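Since the structure comes first, as structure tokens, the remarks are kept for the end.
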There are 2 protein chains.
Amino acid sequence: MPRTRRIPVPPWRDTPQRLQVLRALAARPGFSSAKLLHARMAADGCEVGLSTVYRALAALVEAGQADVVRDDNGERLFRHRGEEQHQHYLVCRHCGFALALDTDEIETWADRIARESGFADVRHTVELAGVCTECSAGPL
Amino acid sequence: MPRTRRIPVPPWRDTPQRLQVLRALAARPGFSSAKLLHARMAADGCEVGLSTVYRALAALVEAGQADVVRDDNGERLFRHRGEEQHQHYLVCRHCGFALALDTDEIETWADRIARESGFADVRHTVELAGVCTECSAGPL
DNA sequence: CAAGGCTTGGCAATGATTTTCATATCAAAT
DNA sequence: ATTTGATATGAAAATCATTGCCAAGCCTTG
Ligand SMILES: [Zn+2]
Ligand SMILES: [Zn+2]
Ligand SMILES: [Zn+2]
Ligand SMILES: [Zn+2]
């Protein structure tokens with residue numbers, strides 16, 4: 001199974017479309033799907049192909065300017081990487097209620113791993129999922 | 001977006017197919033895709049529909065007898081939940097080389113979060129990805 | 001045996017993401 | 001300004017894991 005990914009490597013050309021995608025992404029507070037961004041941009045009168053949105057997002061992720069997670073349906077959600085540090089959550093599998101976590105501990109742990117391993121550009125995904133008290137109380 | 005999942009809840013009927021799936025899953029050392037399990041079982045002369053494999057796996061996950069993760073392609077990988085504790089890895093984004101991590105720290109952290117939050121049946125996903133020394137050295 | 005309810009499995013449908021490919025754009029070189 | 005080779009775009013088609021559908025089979029109860 002050869003890794004078949006061909007992503008443009010920085011520096012790329014500065015195209016209006018890519019700037020638009022970056023802008024649209026940065027304009028969103030949390031994570032957004034490519035589809036949503038595409039729709040948003042279209043609504044703003046900015047016609048950009050869905051393929052291009054995907055390509056731009058992939059490039060942004062590759063360049064470390066965006067984070068990406070998967071929701072329960074396997075859909076990828078993107079978020080612009082600003083200065084503000086990221087956050088991890090404990091989400092309820094049933095109602096979707098999300099509890100923000102104090103993640104200093106894992107952050108330092110992840111940093112240490114990154115340092116000791118010699119790996120470059122290490123990113124991490126930490127997701128906790130359970131059933132909230134409310135949902136475990138009332139069945140259905 | 002209504003969660004549209006209809007998964008048989010334990011206890012279900014004990015069908016040969018479900019036992020086969022469980023067996024096949026337990027027989028594998030690490031994580032396996034539904035497709036692979038299906039192929040494996042077929043190779044062993046056990047004819048089980050792919051849909052059934054998916055249903056059985058979903059039920060096993062629901063019942064806490066299996067863990068599930070997503071690989072980089074969004075494919076779901078399943079693993080039987082035995083007594084042995086699970087493992088986390090730091091994988092290379094380019095060559096796929098995986099480094100097993102000492103995860104005691106996060107395990108206890110996750111356990112504490114689970115306890116303090118009051119959430120039930122808390123599972124966690126911890127994935128680190130970077131570029132290994134080898135790959136960052138020789139650029140393609 | 002009959003009725004009703006789970007289960008199964010092949011196949012179609014879904015839907016996100018990728019690939020294709022013809023075209024457009026860019027930037028450097030002539 | 002024109003040429004040229006590389007790169008970017010986007011519409012449509014392809015990919016592919018996963019799910020929906022549904023007729024047929026199996027099990028249990030009466
Ligand atoms: Zn809940
Ligand atoms: Zn973190
Ligand atoms: Zn590598
Ligand atoms: Zn763990």
Side-chain angles (χ1 to χ4, degrees), chain A residues 1-25 31-42 45-63 66 68-78, chain B residues 1-25 31-42 44-63 66 68-79 93 140:
Chain A
M1 251 162 275
R3 298 249 122 276
T4 52
R5 254 197 308 179
R6 184 120 300 282
I7 294 177
V9 179
W12 329 284
R13 280 189 198 158
D14 243 9
T15 70
Q17 289 90 337
R18 284 173 184 171
L19 290 179
Q20 296 281 11
V21 172
L22 178 54
R23 241 188 268 165
L25 187 64
F31 283 89
S32 316
S33 71
K35 194 175 46 175
L36 193 158
L37 287 173
H38 179 247
R40 244 345 134 185
M41 295 169 67
C46 165
E47 296 290 334
V48 174
L50 182 56
S51 323
T52 302
V53 172
Y54 271 107
R55 284 189 282 241
L57 287 173
L60 285 172
V61 170
E62 193 76 358
V68 55
V69 300
R70 297 242 189 213
D71 66 9
D72 260 5
N73 305 315
E75 189 174 3
R76 280 214 268 273
L77 304 179
F78 303 84
Chain B
M1 251 164 276
R3 299 248 119 276
T4 51
R5 255 198 306 181
R6 182 121 301 282
I7 294 177
V9 179
W12 338 283
R13 283 190 196 163
D14 246 6
T15 71
Q17 289 91 335
R18 284 171 184 170
L19 290 179
Q20 296 281 11
V21 172
L22 178 55
R23 241 188 267 164
L25 188 64
F31 284 89
S32 315
S33 70
K35 192 174 48 172
L36 193 158
L37 287 173
H38 178 250
R40 265 303 159 207
M41 295 170 67
D44 290 354
C46 166
E47 297 290 334
V48 175
L50 182 55
S51 316
T52 302
V53 173
Y54 272 106
R55 286 187 284 240
L57 287 173
L60 285 172
V61 169
E62 194 76 358
V68 56
V69 300
R70 296 248 189 207
D71 67 8
D72 260 5
N73 307 314
E75 190 174 1
R76 280 212 269 271
L77 304 179
F78 303 84
R79 181 189 52 184
R93 262 194 295 277
L140 181 52

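The shown structure was predicted, so the numbers you read here are calculated from the model rather than taken from an experiment. All heavy atoms count here, side chains included; hydrogens, waters and symmetry mates do not. Order of the sequence lines fixes the chain letters, A, B, ..., with proteins taken first and strands second; residue numbering starts at 1 for each chain.
Distance B/Arg70 CZ to D/dC16 C1': 13 Å, rounded to the nearest Å. The interatomic distance linking B/Glu47 (CD) with C/dG10 (P) rounds to 8 Å, in whole Å. Put simply, CD on A/Gln20 is 11 Å from P on D/dT9, counting in whole angstrom units. Counting to the nearest Å, the C1' atom of C/dG15 and the CG atom of A/Asn73 are 10 Å from each other. We find that CG of A/Leu36 is positioned 14 Å from C1' of C/dA16, with the value rounded to whole Å. At whole-Å resolution of the value, CD in A/Glu75 and P in D/dT19 are 14 Å apart. Look at CG on A/Asp14: it is 12 Å from C1' on C/dC26, rounded to the nearest Å. In this structure, A/Met41 atom CE and D/dG10 atom P are separated by 9 Å, rounded to whole Å.
Taking side-chain N and O atoms only, A/Tyr54 has no distance below 4.0 Å to OP1 or OP2 of C/dT18. Neither OP1 nor OP2 of C/dT7 sits under 4.0 Å from any side-chain N or O of B/Thr15. Taking 4.0 angstrom as the limit, B/Lys35 places a side-chain polar atom (N or O) nearer than this to OP1 or OP2 of D/dA17. In this structure, A/Ser51 does not reach the D/dT9 phosphate: none of its side-chain N or O atoms is under 4.0 Å from OP1 or OP2. Residue A/Arg55 places none of its side-chain N or O atoms closer than 4.0 Å to OP1 or OP2 of C/dT17.
Nearest heavy-atom pair across B/Val53 and B/Ala34 is CG1-O, 4.0 Å. Contact detail for B/Ala42 and B/Glu47: the closest heavy-atom pair is O-OE2, 4.5 Å.
With D/dT18, C/dA16, D/dG10 as the candidates, the nucleotide lying closest to the side chain of A/Gln17 is D/dG10. Relative to the side chain of B/Arg76, the nucleotides C/dA16, C/dG10, D/dT18 differ in distance, and D/dT18 lies closest.
No more than 12 heavy atoms of other residues, nucleotides or ligands lie within 6.0 Å of CZ in B/Arg40, so this atom counts as exposed by the packing criterion.
The CZ atom of B/Arg70 sits 4.5 Å away from atom CZ of B/Arg76, with the distance rounded to the nearest 0.5 Å.
Here the side chain of A/Asp71 pairs a donor or acceptor atom with the backbone of A/Asn73 at under 3.5 angstrom.
Nearest-nucleotide mapping onto DNA chain C: of B/His38 and A/Gly74, the residue sitting toward the 5' end is B/His38.
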